[in-house]
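This report concerns only the one structure given below.
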Amino acid sequence: MIDIQKIREDSKAVIERYQVRNFNASDLVRRIKELDARRREAQQELDSTLADANATARKIGELFKSGKRDEAEPLKEQSADLKKRSKKLQEEMDAVTHELQELMTNLPMLPHPSVPAGNTEEDNEVIREEGEMPQLPESAKAHWELAARYDLIDFAAGTKVTGAGFPVYKGKGAVLQRALISFFLEEAGKAGYTEYQPPLMVNAESAYGTGQLPDKDGQMYHVASDDLYLIPTSEVPITNIFRDTIMEENELPVKCTAYSVCFRREAGSYGKDVRGLNRLHQFDKVEIVQVAHPDTSYEVLDEMVDYVAGLLEKLELPFRVARLCGGDLGFASALTYDMEVYSAGQKRWLEVSSISNFETYQAQRMKLRFRPAEGKNRLAHTLNGSALALPRVMAALLENNQTADGIRVPAILHKYTGFDMIQ
RNA sequence: GGAGAGGUGGCCGAGUGGUCGAAGGCGCACGCCUGGAAAGCGUGUAUCCGCCUAAAGCGGAUCAAGGGUUCGAAUCCCUUUCUCUCCGCCA
């Protein structure tokens, strides 16, 4: 949710900025402005009515105490009237507030000035490209073929046991997966992130706090009997740890990392994009989350991008970093960098990380604030990124390192896997 | 799942119808004291909204949440929810 103050101050600028997202906010903003004005009017009226009622009640109390009960009788009537009126005003105000709130949640985060305009992926701005592209023969295989050949992943078994999109990792495939998790967590620890193991299900308040609800309702698995949601990413439970808190300024930034299984319904996905490990309903991910001071949150964002780039370098994977254009930007994000690795068997770029600064979007919803040295409490900024999502990293590792003798395991992982070749 | 107890400020804890946003203590901050520290003394110490862009000031709301009784509710009633204890079940 954006700060309504921005709309009060300069609604034109707000509407203009939204155009980067191709989001026409003019009607919405106009109605918000109206409602906001009405709300404040209503509150003033309500407050003064309540003030009268309070004063009257106090007077009655005094009269009772001094034994002048009969004098209190007319005041009682007056008080009853005031009560009736304030009740009505309260209802009006609640209605307006509720509507205003609802409209506000329909506004996406304001994009950062550096966000390029545009509609689709095509308009994303590649700002960095690193690593050596693997030179493979024409006969190079996609990871699902390699997985079958070396018995690393049993897609059919997963389909039988659960359904499509729930792969079964096996043997060295399972070990490699575990090795990657250990590697990512250990690196995050070295970089100052505190490791967490969060719940894999969250309640509706948490899903609302990070913005999964109400916007992306259909994307999460919902356990109806207990009204809980399977997490689509550990961002949700981790960030919500800080919901409804006021931190001390010197506690910022808070750096958290967590490994978790992630569940996504991916309703509507189909086709070649979903082959193999490319898109799953259940996958593993190590996430990094930071709660940052608003004055330095973009430095934090850069730091996170550099950190993830470092991981990819260590894994010897060629990658590129793209700044998402307005049309591709998530609802809650002010600025997002996507990290993609080149997967040589499929000859395509695979997104393995998405690193975003949500500024106050989540903080506003979850009332995550801090106490500055001077002045009023301020909303913190929240950021997060994958570091990294496992399946596509796995896909790229398998594809890029295939040789006639088997699949080579990058040196950095040897101490976690205990083997250096998959044969 | 069954039985009982209870949710008050950063924490502990008092408060059973009026002047209670709430005693007292702890913690924390600042000041005094000290060679320095501890102790001691003093002062301050919740959040949100509005008047007002801000400070001061004023008004409103908040004692788990929602509703009710009453002129007036932290206090009485109802519902929901959470926590704790005992029993049952169980990784």
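This structure is a prediction, so every number in the text was calculated from the model and none was measured.
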So if I define the base as every atom that isn't primed, P, OP1 or OP2, how would nucleotides 55-62 of chain B read as a B/S/- string at a heavy-atom cutoff under 4.0 Å? ----BSS-
When the P atoms of B:G15 and B:C76 are considered, how many whole Å apart are they?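 After rounding to an integer number of Å, I get 12 Å for this pair.
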C1' gap between B:A46 and B:U8, integer Å: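 Those two atoms are separated by 13 Å.
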[Y]/[X] salt bridge by N-O under 4.0 Å criterion:
X: A:Arg38; Y: A:Glu99; value: no
X: A:Lys87; Y: A:Glu91; value: no
X: A:Lys33; Y: A:Asp36; value: no
X: A:Asp52; Y: A:Arg85; value: no

Which residue lies more 5' along RNA chain B, comparing A:Gln5 with A:Ala80 via nearest heavy atoms: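 Closer to the 5' end of RNA chain B: A:Gln5.
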side-chain N/O A:Arg371 vs B:U47 OP1/OP2, d < 4.0 Å: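 Yes, because at least one side-chain N or O of A:Arg371 sits under 4.0 Å from OP1 or OP2 of B:U47.
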Out of [options], which nucleotide sits closest to the side chain of [X]?
X: A:Ser79; options: B:G50, B:U47, B:C71; result: B:C71
X: A:Asn377; options: B:C51, B:U69, B:C48; result: B:C48
X: A:Gln44; options: B:U69, B:G18, B:C51; result: B:C51
X: A:Arg39; options: B:G18, B:G50, B:G72; result: B:G50

Output the residues of residues 92-102 of chain A in contact with RNA chain B, where contact means a heavy atom of the residue under 4.0 Å from an atom of the strand; sort by number or write none.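 Output list: empty, so none.
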Could you write out RNA chain B as a dot-bracket string, with dots for unpaired bases, | for bases paired across to another strand, and Watson-Crick or G-U pairs counted at under 3.5 Å? ((((((((.[[[..)..(.....]]]((((((.......))))))((((((.....)))))).[[[[[..)....]]]]])))))))....
Once the angle between the rings of A:Tyr221 and A:Phe263 is folded into 0 to 90°, is it parallel (under 30°), tilted (30 to 60°) or perpendicular (over 60°)?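 It falls in the perpendicular class, over 60°.
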Qualifying residue for side-chain hydrogen bond (donor to acceptor under 3.5 Å, both in side chains) with A:Gln43, from A:Arg39, A:Arg40, A:Glu45: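 Of A:Arg39, A:Arg40, A:Glu45, side-chain hydrogen bond (donor to acceptor under 3.5 Å, both in side chains) with A:Gln43 is met by A:Arg39 alone.
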Set of residues satisfying ring-ring contact (aromatic ring centres under 6.0 Å, His included) with respect to [X], sequence neighbours excluded:
X: A:His98; value: none
X: A:Tyr208; value: none
X: A:Tyr307; value: A:Tyr193

Looking at every strand, decide which applies to A:Ile246 at a 4.0 Å heavy-atom threshold: base, sugar-phosphate, or nothing.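 Sugar-phosphate, backbone atoms only, no base.
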Base, sugar-phosphate alone, or nothing: which one does A:Lys59 contact when heavy atoms must sit under 4.0 Å apart?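 Contact class for A:Lys59: none.
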Any sub-3.5 Å donor-acceptor pair from A:Thr257's side-chain atoms to A:Glu287's backbone N or O?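 Yes, the answer is positive, given that a donor and an acceptor are paired below the 3.5 Å cut-off.
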Any side-chain donor-acceptor pair under 3.5 Å between A:Glu399 and A:Gln346?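 Yes, because at least one side-chain N or O of A:Glu399 sits under 3.5 Å from a partner of the opposite role on A:Gln346.
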